Amino acid sequence: RAMRRGFLSCQFILSGSYRVGLANRMQHFQSGTVRISGFADSESHIPAHGKQILGLCAFVRPEFLMDNLGLSTCCIPAAYRTLFHTPEVANLSLELPLTPAMWLGVDQLLNCQMTEPVRGVFQYAKTLELLCLLVAQLNALRPTARIVGVSRQAREDQMILAAEAIYKSE
């Protein structure tokens with residue numbers, strides 16, 4: 001169970017899936033997605049027999065995204081704007097596809113072989129990079145867009161592009 005009043009949960013999921021109890025309903029978190037949630041508390045349900053979950057979660061105040069990274073909420077569809085202004089009462093979750101750059105960043109974070117203190121600086125910088133990429137993706141939305149989640153085909157297309165980006169980086 002997680003409590004995070006005033007924070008957004010940004011979950012970058014490379015593989016695996018799980019369910020989260022949010023505001024008396026279950027939401028399915030899928031691979032190849034980034035999900036931004038603004039619930040005051042949640043409870044995760046991970047199937048014992050399921051595929052291992054690979055990804056990371058960053059908790060961030062929405063003001064940081066707006067004041068420091070340039071998030072423009074006017075680009076976000078109106079139904080989701082409260083998520084960025086009053087996350088603890090919004091009870092919303094926004095799912096977008098992981099971009100290849102996000103995928104590569106998460107992979108680099110999870111597979112970092114550096115030692116401290118360089119490791120901590122690297123992790124901070126990569127997390128900030130992921131948040132910048134997320135803000136760029138959010139700022140590219142159209143205010144009239146209807147967000148209904150990420151289709152299986154869209155996730156598979158992004159996974160192919162991510163695999164290509166990882167291959168090219170090595």
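Since the model is a prediction, treat every value here as computed from it, not as a measurement.
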| field | Path from L56 to F64 over hydrophobic side-chain contacts below 4.5 Å | value | yes
| remark: So salt bridge (charged side-chain N to carboxylate O under 4.0 Å, His left out) across residues 129-138, not counting sequence neighbours, yields K126-E129
| Just one of L65, L69, V34, L98 clears the side chain to side chain contact (heavy atoms under 4.5 Å, CB included) bar with L134, so which one? | V34
| said: If hydrophobic clusters are built by linking Ile, Leu, Val, Met, Phe, Trp and Tyr wherever their side-chain heavy atoms come under 4.5 Å apart, do Y124 and V106 end up in the same one? | reply: yes
| said: Could you measure the distance from the CG atom of N68 to the CG atom of L128? Nearest 0.5 Å is fine. | reply: 9.0 Å
| said: To the closest 0.5 Å, what do you measure between OG (S37) and CZ (F7)? | reply: 15.0 Å
| field | Side-chain heavy atoms of T99 within contact of Q137, under 4.5 Å | value | yes
| request: Supply the atom-to-atom distance L8 CG to L83 CG, rounded to the nearest 0.5 angstrom. | output: 5.0 Å
N/O donor-acceptor pairs under 3.5 Å from side chains in residues 71-79, not counting sequence neighbours:
from	atom 1	to	atom 2	distance (Å)
T73	OG1	H85	NE2	3.3

| said: Strictly by side-chain hydrogen bond (donor to acceptor under 3.5 Å, both in side chains), give each pair with a member in residues 111-122 just once, sequence neighbours left out. | reply: D107-N111
| SG-CD1 distance between C57 and I13, expressed to the nearest 0.5 angstrom | 8.5 Å
| query | With no hydrogens and no angle check, do the side chains of S93 and E95 hold a donor and an acceptor under 3.5 Å apart? | reply | no
| query | What's the shortest heavy-atom distance between T33 and Q30, and which atoms? | reply | OG1-O, 2.5 Å
| query | Hey, any chance L130 and V121 share a hydrophobic cluster, counting ILVMFWY side chains that come within less than 4.5 Å of each other, even indirectly? | reply | no
| request: Start with the C-alpha gap between I53 and S15, add the side-chain angles, then the distance that decides, and say whether side-chain contact (heavy atoms from CB on, under 4.5 Å) holds. | output: CA-CA 6 Å; I53 298 167; S15 64; over 6 Å; no
| query | In Å and rounded to the nearest 0.5 Å, what is the CZ to CG distance from F12 to L96? | reply | 10.0 Å
| task | Report yes or no: do L110 and M102 belong to one cluster of Ile/Leu/Val/Met/Phe/Trp/Tyr joined by side chain heavy-atom distances under 4.5 Å? | result | yes
| query | Heavy atoms, side chains only, cut-off 4.5 Å: are Q108 and C112 in contact? | reply | no
| message | Please determine whether side-chain contact (heavy atoms from CB on, under 4.5 Å) holds for the pair S9 and I36, giving the CA-CA distance in whole Å, both sets of side-chain angles, and the decisive distance to 0.1 Å. | response | CA-CA 5 Å; S9 167; I36 307 161; over 6 Å; no
